[in-house]
Amino acid sequence: TCDRIYGRNKINSRTRHNTTNAFDSYYQPDFMQNIMAARNVLGKPLQKCSTSPVTGYMRDGYCRADPTDGGRHTLSGIVSQKFLDFSKKRGNDLMTPHPPSFPGLKEGDRWCLCVSRWVEAYEARNEEGEEVVPKVVLESTEESTLKSVKLDVLKKYAVDIEAANS
């Protein structure tokens, strides 16, 4: 995924050698409270992005920020073939399955995308065409995404724009 492109490991060497691992937060009593507290870019409770295929850094369906996620998979997008080809050209093949946790994506799938990859596609839209930019599901895009992308820009690509206007 994006972590390979930017030279980051999902679990760094310091974490790997600790007695805890990157998924210990999953077992903490406040894990469900953290999910419930997560907000989307509209300031409302974060909704699931997809369970088929199951997505999210923690493979729970949510595009939530997590301190162990170097790729920041917080943007809920609907991928196009043009985006999948674009990502593959940049070294991140999202189409090839890697069982058991990654089924491979096809056009129309909802997926928690790396914010930086979405921004890269957005910046390439003049050369590659608008369809390279994945559509955005605002209700499933975590609010920390706004640190990298303005809400007005996300709204231009939103499939749930009526939710933004309510």
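Positions are given from 1, in the same order as the sequence printed here.
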Enquirer: Could you state the interatomic distance from CG (L75) to CG (L154), rounded to the nearest 0.5 Å?
Expert: 6.0 Å
Enquirer: Return the set of residues passing side chain to side chain contact (heavy atoms under 4.5 Å, CB included) with E143 (not counting sequence neighbours), or none when no residue passes.
Expert: R39
Enquirer: Hey, are T145 and T74 close enough side-chain-wise for a donor-acceptor pair under 3.5 Å?
Expert: yes
Enquirer: Check whether L151 and Y122 end up in the same hydrophobic cluster, where Ile, Leu, Val, Met, Phe, Trp and Tyr are linked by side-chain heavy atoms less than 4.5 Å apart.
Expert: yes
Enquirer: Just by distance, do the side chain of R117 and the backbone of C114 share a donor-acceptor pair under 3.5 Å?
Expert: no
Enquirer: Under the side chain to side chain donor-acceptor pair (under 3.5 Å) rule, collect the residues that match up with S148, sequence neighbours excluded.
Expert: R72
Enquirer: Excluding sequence neighbours, so at least two apart, what forms side chain to side chain contact (heavy atoms under 4.5 Å, CB included) with P103?
Expert: P53, W111
Enquirer: Which residue pairs pass the disulfide bond (SG atoms under 2.5 Å apart) test with at least one member in residues 43-84, sequence neighbours excluded?
Expert: C63-C112
Enquirer: I need the minimum non-hydrogen distance between D109 and G104, along with the two atoms involved.
Expert: OD2-O, 4.2 Å
Enquirer: Between L146 and L138, is there a shared hydrophobic cluster once you connect ILVMFWY residues whose side-chain heavy atoms come closer than 4.5 Å?
Expert: yes
Enquirer: Using atom types as modelled and distance alone, determine if a side-chain donor or acceptor of S140 lies under 3.5 Å from a backbone N or O of S76.
Expert: no
Enquirer: Which atoms form the tightest heavy-atom contact between Y57 and T68, and what is the distance?
Expert: OH-O, 2.9 Å
Enquirer: Which residues pass the salt bridge (Lys or Arg N to Asp or Glu O under 4.0 Å) test with E107, sequence neighbours left out?
Expert: none
Enquirer: Consider only side-chain heavy atoms of I, L, V, M, F, W and Y, link residues closer than 4.5 Å, and tell whether L42 and V137 are in one cluster.
Expert: no
Enquirer: Spell out, yes or no, whether F86 and I78 are grouped together once hydrophobic residues are joined by side-chain heavy atoms under 4.5 Å, including indirect joins.
Expert: no
Enquirer: Got a sec, which residues hit side chain to side chain contact (heavy atoms under 4.5 Å, CB included) with K82, two or more places apart in sequence or on another chain?
Expert: S80, E128, E131, V132
Enquirer: How far apart are the C-alpha atoms of R64 and E142, what are their side-chain angles, what is the distance that settles it, and do they pass the salt bridge (Lys or Arg N to Asp or Glu O under 4.0 Å) test?
Expert: CA-CA 6 Å; R64 293 184 289 112; E142 206 263 345; over 6 Å; no
Enquirer: Would a distance-only check, ignoring hydrogens and angles, find a side-chain to backbone donor-acceptor pair under 3.5 Å from N40 to E139?
Expert: yes
Enquirer: Ring centres of W118 and Y157 under 6.0 Å apart?
Expert: yes
Enquirer: Counting N and O atoms only, with roles assigned by atom type, does the side chain of R90 sit under 3.5 Å from a partner on the main chain of S87, one being a donor and the other an acceptor?
Expert: no
